[in-house]
Amino acid sequence: MNTIKTICVYCGSGPGTNPHFIQSAVHLGKIMAENGIGLVYGGGSIGLMGAVAKSVLEHGGHVTGIIPEFLTKRENALVGAQELIVTHDMHERKRLMFERSDAFVALPGGIGTLEELVEQLTWQQLGRHSKPILLANIDGFWEPLLTLLIHMRTTAFIRPTLPLDVLTADQTEDILPRLRAAAAKTPDEGKKLAPDVAARL
């Protein structure tokens, strides 16, 4: 049975308009730290990114921030993280985030969050990995995307033969149990990114 030791959290570098977004990020960080699960994230200290990372640290957990050099000032790289990796570009950042994570969670965020999430869904759909992917659907934030995915299914752009294993949780306390249940069903080889894909990143 696979266990989850690290979770990659994709989320916004801003706080959003709903205070529940920040509260959920803080709560998720607390849950991860208390369960001995390390955070892998984009390395910033502001917005939801900063909230989840600082919460992990405040509760005694381990944080790995991975940030491209050009974003270190714009997103105020978190100097308190036990490990801060500065990459040459976004491609290297995403590859390292994948390699260091056992599962992925998307909190509310913007275009960058969506792009990282969709890339993992694409790789999963193409059979490149089977690590769990979960949408933290705080106050229905991800409902438009979930509706779009259903629309893609009904219009046959996501074919019936293609998997689309995206988990959802409306409450942060449900995130870890659902990831663990999904990971328990995943063979070890399903956690690896295909070498030919990794080589192109």
Side-chain angles (χ1 to χ4, degrees), residues 2-15 22 25-26 28-124 128-134 136 175-176 179 183 186 188 190-201:
N2 280 315
T3 57
I4 292 177
K5 298 178 181 178
T6 55
I7 295 174
C8 177
V9 177
Y10 300 132
C11 57
S13 59
I22 287 285
V26 171
L28 176 59
K30 180 176 184 288
I31 290 171
M32 289 175 62
E34 290 177 346
N35 283 273
I37 295 173
L39 169 69
V40 177
Y41 85 118
S45 64
I46 56 178
L48 269 64
M49 291 174 65
V52 66
K54 291 172 185 176
S55 180
V56 171
L57 292 173
E58 287 169 4
H59 292 91
H62 188 276
V63 172
T64 298
I66 305 177
I67 189 168
E69 188 173 5
F70 76 93
L71 282 180
T72 53
K73 291 184 179 179
R74 188 185 306 179
E75 293 184 350
N76 296 336
L78 184 66
V79 295
Q82 288 94 340
E83 187 176 15
L84 182 66
I85 301 170
V86 179
T87 65
H88 295 293
D89 53 36
M90 294 289 285
H91 296 292
E92 183 184 8
R93 177 202 215 181
K94 290 190 290 183
R95 177 177 60 81
L96 290 174
M97 290 173 83
F98 176 89
E99 291 176 352
R100 288 170 174 260
S101 304
D102 297 319
F104 305 92
V105 171
L107 287 168
I111 296 294
T113 302
L114 181 63
E115 187 266 342
E116 291 171 320
L117 166 67
V118 170
E119 185 168 63
Q120 291 303 336
L121 289 173
T122 301
W123 289 349
Q124 182 192 71
R128 298 304 194 173
H129 78 87
S130 54
K131 296 180 182 182
I133 302 169
L134 183 143
I175 291 174
L176 188 53
L179 289 176
T186 304
D188 284 330
K191 297 173 67 178
K192 299 177 181 178
L193 188 64
D196 59 323
V197 176
R200 291 197 297 269
L201 293 179

[atom1]-[atom2] distance between [X] and [Y], expressed to the nearest 0.5 angstrom:
X    : Y    : atom1 : atom2 : result
K94  : Y10  : NZ    : OH    : 8.5 Å
M49  : N76  : CE    : CG    : 10.5 Å
T113 : L107 : OG1   : CG    : 8.5 Å
C8   : Y41  : SG    : OH    : 11.5 Å

Given side chains that start at C-beta, do those of [X] and [Y] come closer than 4.5 Å, heavy atoms only?
X    : Y    : value
L176 : I37  : yes
T64  : M97  : no
I175 : I31  : no
I66  : E92  : no
L39  : L28  : no
L179 : V105 : yes
P108 : L48  : yes

Hey, is E69 close enough to R93 for a salt bridge, meaning N to O under 4.0 Å?
-> no

Would E58 and K54 pass as an ion pair if we require N to O under 4.0 Å?
-> no

For a quick test of reading the model, state the closest non-hydrogen atom pair linking [X] to [Y] and the distance between them.
X   : Y    : result
V86 : P68  : CG1-C, 4.3 Å
V56 : A33  : O-CB, 3.6 Å
I67 : L71  : CD1-O, 3.5 Å
V40 : S101 : CB-OG, 3.5 Å

So E119 and R128, salt bridge (charged side-chain N to carboxylate O under 4.0 Å, His left out) or not? Walk me through it.
-> CA-CA 11 Å; E119 185 168 63; R128 298 304 194 173; over 6 Å; no

Backbone N/O of [Y] and side chain of [X]: donor-acceptor pair under 3.5 Å:
X    : Y    : value
K131 : F104 : no
T87  : D89  : yes
S45  : L78  : no
T6   : G38  : no
D102 : K5   : yes
T122 : V118 : yes

With sequence neighbours excluded, tell me which residues meet side-chain hydrogen bond (donor to acceptor under 3.5 Å, both in side chains) with Q82.
-> none

Show your working on side chain to side chain contact (heavy atoms under 4.5 Å, CB included) between M32 and V9 and close with a plain yes or no.
-> CA-CA 11 Å; M32 289 175 62; V9 177; 4.2 Å; yes

Does a side chain donor of either H129 or Q120 reach within less than 3.5 Å of an acceptor in the other side chain?
-> yes

Step-by-step side chain to side chain contact (heavy atoms under 4.5 Å, CB included) determination, V79 to L84 = CA-CA 7 Å; V79 295; L84 182 66; 5.7 Å; no

Passes side chain to side chain contact (heavy atoms under 4.5 Å, CB included), F70 versus M90? Steps please.
-> CA-CA 9 Å; F70 76 93; M90 294 289 285; 4.1 Å; yes

